Amino acid sequence: MKLSERLSRLHSYYIDSHSVWDVGCDHGQLGLSLLGKEGVKELHLVDPSSLVINELKKTVDSYITKKGLNITIHHKKGQE
(Lines give C-alpha, C1' and ligand atoms only; values in the text may rest on other atoms or scores of the structure.)
Protein backbone atom coordinates (compact mmCIF):
# COMPACT_ATOMS: atom_id res chain seq x y z
CA MET A 1 0.00 0.00 0.00
CA LYS A 2 1.26 3.48 -0.87
CA LEU A 3 1.30 5.92 2.02
CA SER A 4 0.63 9.64 1.73
CA GLU A 5 3.57 11.99 2.25
CA ARG A 6 2.41 12.73 5.83
CA LEU A 7 2.09 9.04 6.74
CA SER A 8 5.40 8.23 5.04
CA ARG A 9 7.11 10.79 7.24
CA LEU A 10 5.54 9.27 10.37
CA HIS A 11 6.54 5.80 9.13
CA SER A 12 10.16 6.95 8.91
CA TYR A 13 10.15 7.79 12.65
CA TYR A 14 9.45 4.19 13.62
CA ILE A 15 11.94 2.74 16.10
CA ASP A 16 12.10 -1.03 16.65
CA SER A 17 9.28 -2.21 18.84
CA HIS A 18 7.52 -5.48 19.55
CA SER A 19 4.17 -3.70 19.95
CA VAL A 20 2.85 -0.91 17.71
CA TRP A 21 -0.06 1.36 18.68
CA ASP A 22 -1.73 3.45 15.95
CA VAL A 23 -3.97 5.82 17.92
CA GLY A 24 -6.55 7.75 15.91
CA CYS A 25 -5.73 5.30 13.15
CA ASP A 26 -8.59 6.26 10.79
CA HIS A 27 -7.96 3.85 7.86
CA GLY A 28 -5.18 1.95 9.66
CA GLN A 29 -2.69 2.41 6.83
CA LEU A 30 0.18 3.59 9.00
CA GLY A 31 -0.13 0.78 11.53
CA LEU A 32 -0.64 -1.86 8.87
CA SER A 33 2.40 -0.61 6.93
CA LEU A 34 4.57 -1.23 10.01
CA LEU A 35 3.64 -4.92 10.07
CA GLY A 36 6.43 -5.60 7.61
CA LYS A 37 9.06 -4.27 10.00
CA GLU A 38 11.27 -6.84 11.70
CA GLY A 39 10.32 -7.55 15.29
CA VAL A 40 6.73 -6.30 15.13
CA LYS A 41 4.59 -9.00 16.74
CA GLU A 42 1.41 -7.10 17.59
CA LEU A 43 -0.50 -4.11 16.32
CA HIS A 44 -3.16 -2.09 18.13
CA LEU A 45 -5.43 0.11 16.01
CA VAL A 46 -7.40 2.69 18.04
CA ASP A 47 -10.21 4.95 16.77
CA PRO A 48 -13.42 6.43 18.26
CA SER A 49 -15.49 6.11 15.06
CA SER A 50 -17.83 3.13 14.65
CA LEU A 51 -17.66 3.51 10.86
CA VAL A 52 -13.86 3.36 10.91
CA ILE A 53 -13.86 0.36 13.26
CA ASN A 54 -16.28 -1.59 11.03
CA GLU A 55 -14.14 -0.95 7.94
CA LEU A 56 -10.96 -1.85 9.80
CA LYS A 57 -12.42 -5.18 10.87
CA LYS A 58 -12.91 -6.10 7.21
CA THR A 59 -9.39 -5.00 6.26
CA VAL A 60 -7.64 -6.56 9.24
CA ASP A 61 -9.15 -10.03 8.73
CA SER A 62 -7.06 -10.48 5.60
CA TYR A 63 -3.85 -9.39 7.37
CA ILE A 64 -4.41 -11.76 10.27
CA THR A 65 -5.00 -14.66 7.87
CA LYS A 66 -2.02 -13.88 5.64
CA LYS A 67 0.57 -13.00 8.26
CA GLY A 68 -0.65 -14.74 11.41
CA LEU A 69 -0.06 -11.63 13.49
CA ASN A 70 -1.82 -10.37 16.59
CA ILE A 71 -3.91 -7.35 15.57
CA THR A 72 -6.32 -5.78 18.04
CA ILE A 73 -8.87 -3.09 17.17
CA HIS A 74 -9.88 -0.76 20.00
CA HIS A 75 -13.08 1.25 19.64
CA LYS A 76 -12.29 4.16 21.95
CA LYS A 77 -10.81 7.62 22.15
CA GLY A 78 -7.02 7.65 22.27
CA GLN A 79 -6.88 9.47 25.57
CA GLU A 80 -8.95 6.83 27.41
Side-chain angles (χ1 to χ4, degrees):
M1 106 186 44
K2 181 156 172 54
L3 296 176
S4 68
E5 183 178 333
R6 179 180 68 85
L7 292 180
S8 292
R9 184 172 299 256
L10 290 171
H11 187 275
S12 71
Y13 294 132
Y14 168 78
I15 298 172
D16 293 343
S17 178
H18 168 80
S19 181
V20 173
W21 287 76
D22 187 353
V23 179
C25 66
D26 192 25
H27 38 61
Q29 288 182 350
L30 178 59
L32 293 170
S33 72
L34 291 170
L35 289 175
K37 296 286 190 176
E38 186 176 334
V40 174
K41 302 288 185 220
E42 60 183 31
L43 171 63
H44 297 270
L45 300 170
V46 183
D47 204 276
S49 167
S50 295
L51 294 173
V52 167
I53 293 301
N54 290 334
E55 286 301 311
L56 278 173
K57 286 179 180 176
K58 294 176 197 172
T59 302
V60 165
D61 283 346
S62 66
Y63 277 86
I64 292 172
T65 303
K66 288 179 189 173
K67 300 182 185 275
L69 297 165
N70 182 15
I71 303 173
T72 306
I73 299 173
H74 305 271
H75 183 207
K76 60 170 66 179
K77 293 179 184 174
Q79 62 269 35
E80 288 181 2

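The structure presented is a predicted model; accordingly, all values stated were derived computationally and were not measured.
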Note to self: Between Ser33 and Leu7, does the side-chain contact (heavy atoms from CB on, under 4.5 Å) criterion hold? Intermediate values first, please.
What the structure shows: CA-CA 10 Å; Ser33 72; Leu7 292 180; over 6 Å; no
Distance-only criterion, 3.5 Å: show the donor-acceptor pairs between side-chain atoms of residues 36-43 and protein atoms not counting sequence neighbours.
{"from": "Glu42", "atom 1": "OE2", "to": "Ser19", "atom 2": "OG", "distance (Å)": "2.8"}
{"from": "Glu42", "atom 1": "OE2", "to": "His44", "atom 2": "NE2", "distance (Å)": "3.4"}

- prompt: With distance as the sole test, does His27 use its side chain to make a donor-acceptor pair with the main-chain N or O of Gln29 at under 3.5 Å?
  reply: yes
Quick check against the 3.5 Å criterion: does His75 have a side-chain atom that pairs as donor or acceptor with the backbone of Pro48? yes
Heavy-atom nearest pair, Leu56 first then Cys25, reads CD1-SG, 3.4 Å
**Item:** Path from Leu3 to Tyr13 over hydrophobic side-chain contacts below 4.5 Å
**Value:** yes
Residues pairing under salt bridge (Lys or Arg N to Asp or Glu O under 4.0 Å) where one sits in residues 14-31, two or more places apart or in two chains, turn out to be none
Interatomic distance, CG@Leu34 vs CH2@Trp21, rounded to 0.5 Å, equals 15.0 Å
Checking Leu45, Val46, Asp47 against Val52 for side-chain contact (heavy atoms from CB on, under 4.5 Å), the one that qualifies is Asp47
Hits for side chain to side chain contact (heavy atoms under 4.5 Å, CB included) against Ser17, two or more places apart or cross-chain, chain-then-number order -> Tyr14
Residue set satisfying salt bridge (charged side-chain N to carboxylate O under 4.0 Å, His left out) with Glu55, at least two apart, ordered chain then number -> Lys58
Across all chains, not counting sequence neighbours, the side chain to side chain donor-acceptor pair (under 3.5 Å) partners of Ser4 are none
